[in-house]
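Working notes, structure below.
Chain letters run A, B, ... following the sequence lines, proteins first and then strands; every chain starts at 1.
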Amino acid sequence: MPELPEVETARKVIAERALHRTIVAVDDTDSYVCRPHAPGQIRDALLGRQLIAAHRRGKTMWCETSGLDGSAEHGSAEHGSAEHGPDLGLHLGMAGRIVVESPGLETVWGGEPFRRDAQPARAQWDRFRLDFADGGSLVLFDKRRLSRVRLNPGLAALGPDAGTVTEAEFRDLVRRGTVAVKARLLDQSKIAGVGNLLADEALWQARISPQAPAGSLSRPAVRRLYQSLQAALASAEANGGVHTGEVIAARRRGGVCPRCGAPMRQGVVGGRTTWWCSREQALRRAAGARTPRRASV
DNA sequence: AACAATGTTCAGTC
DNA sequence: GGACTGAACATTGT
């Protein structure tokens, strides 16, 4: 169930292990995952080509592909689009992972966090597959079938990547409107890459209520939020995923704030289950308002 | 058995 | 048209 850091891990797996290998077979028969393409359309577009680069913005990945004889990987060749194939867009949805097999090398994967269950990966969860001429493969594995594969994915609906957005851009995009700040963080058209856990973690680090209207944040608060988000992204990438966030383990019944010990509170914000510290992330009303209610559990 | 799940999209309302 | 809300999507795990 990947957010930006997990998707970046998957992108690296592709970039390091799946490039420059000729595609000799494509399974694009899952019409839900491959929508709106017709079965066979992605296959026909990719057969005989190679993946030559893997990119990411937010949670969306796309791979550039070579010309039919692999020409683009051998440099120059700037004679027009015939030298390149279409981009292959990959989105891991809620539970997708990328698995790359290579002859003589161990299988590598990225995306969904590691689970130590002994359960073998059932082939029925392979939603999309590229087979390479060397006998290896790239598989999009997804138990829940909400991942997506498509040719030439548009990126116009995505805001700047959460990992590279500047503080000034972030402030302009976030601090406006009346929507809850958490909902704004989850809006991929504003900032791309933040998911439910990352949003809870960054807001907790910054001690900001997830329910605070986005436009009501003070300039220092937005700055804290930006810095907390960058720290949470870096920490997740270093430690293996967003589930390693400090407050994530406290997202459960009876959980307490890892900093102050106050009970964690749960609710729905922006349509997603949300946990926050009842003390440090209390929703403060506009200037002049009091906070008369004692903390309730 | 009912419900939640680390995501996106789309129909609907203001 | 933009901002916002809530349900739907497919499937699994609790």
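- A cation-pi arrangement is present between A/R259 and A/W204 under the rule of less than 6.0 angstrom and at most 45 degrees off the ring axis.
- An OP1 or OP2 oxygen of C/dC9 is reached within less than 4.0 angstrom by no side-chain nitrogen or oxygen of A/R148.
- If you check every strand for non-hydrogen atoms under 4.0 Å, A/G195 touches sugar and phosphate atoms only.
- Summary of the strand contacts: A/Q266 and A/L186 both lie near DNA chain B, and taking for each the nucleotide with the nearest heavy atom, the more 5' one is attributed to A/Q266.
- Residue A/R176 is classed as having no contact, given no heavy-atom separation below 4.0 Å to the nucleic acid.
- Mapped onto DNA chain C by nearest heavy atom, A/R272 and A/V179 fall at different nucleotides, with A/V179 at the one closer to the 5' end.
- Note that CD1 of A/I208 is 6.5 Å distant from CG of A/L203, once rounded to the nearest 0.5 Å.
- Atom CG in A/L158 sits roughly 8 Å away from atom P in B/dT8 (whole-Å rounding).
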* salt bridge (Lys or Arg N to Asp or Glu O under 4.0 Å) evaluation trace for A/D200 with A/K182 -> CA-CA 8 Å; A/D200 275 9; A/K182 176 172 177 182; 2.8 Å; yes
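- A cation-pi contact, defined as under 6.0 Å to the ring centre and within 45° of the axis, links A/R35 to A/Y32.
- Taking atom CG of residue A/D187 and atom C1' of nucleotide B/dT8, one finds them 11 Å apart after rounding to whole Å.
- Here the CG-CG distance, from A/D126 to A/D30, works out to 10.5 Å after rounding to the nearest 0.5 Å.
- Considering only the side chain of A/Q124, C/dT12 comes nearest among B/dG7, C/dT12, B/dT8.
- OP1 and OP2 of B/dG7 both lie 4.0 Å or more from every side-chain N or O belonging to A/H91.
- Backbone-only engagement by A/R145 is indicated by non-hydrogen atom pairs under 4.0 Å involving sugar-phosphate atoms exclusively.
- Whole-Å rounding puts the A/L146 CG to B/dT9 P distance at 11 Å.
- Regarding contacts with the backbone of B/dG7, a side-chain N or O of A/K59 is found under 4.0 angstrom from either OP1 or OP2.
- Across the strands present, C/dA10 finds no partner; the criterion is a Watson-Crick or G-U wobble pair with both atom distances under 3.5 angstrom.
- In terms of hydrophobic clustering, with Ile, Leu, Val, Met, Phe, Trp and Tyr side chains grouped at heavy-atom distances under 4.5 Å, A/V139 and A/F132 are assigned to different clusters.
- The CD1 atom of A/I191 sits 14 Å away from the P atom of B/dT8 (whole-angstrom rounding).
- In this structure, A/D142 places its CG atom 10 Å from P of C/dT12, rounding to the nearest Å.
- Using a 4.0 Å cut-off, no side-chain N or O of A/T178 falls inside it from OP1 or OP2 of C/dA3.
- The separation of B/dA11 from C/dA10, taken at their P atoms, amounts to 15 Å, rounded to a whole angstrom.
- At a threshold of 4.0 angstrom between heavy atoms, the contacts of A/S147 with the nucleic acid are absent.
- In this structure, the CZ atom of A/R144 is 11 Å from the P atom of B/dG7, given to the nearest Å.
- In this entry the distance linking CZ of A/R35 with P of B/dC10 reads 8 Å, nearest Å.
- Between the NZ atom of A/K143 and the C1' atom of C/dG13 there is a distance of 8 Å, rounded to whole Å.
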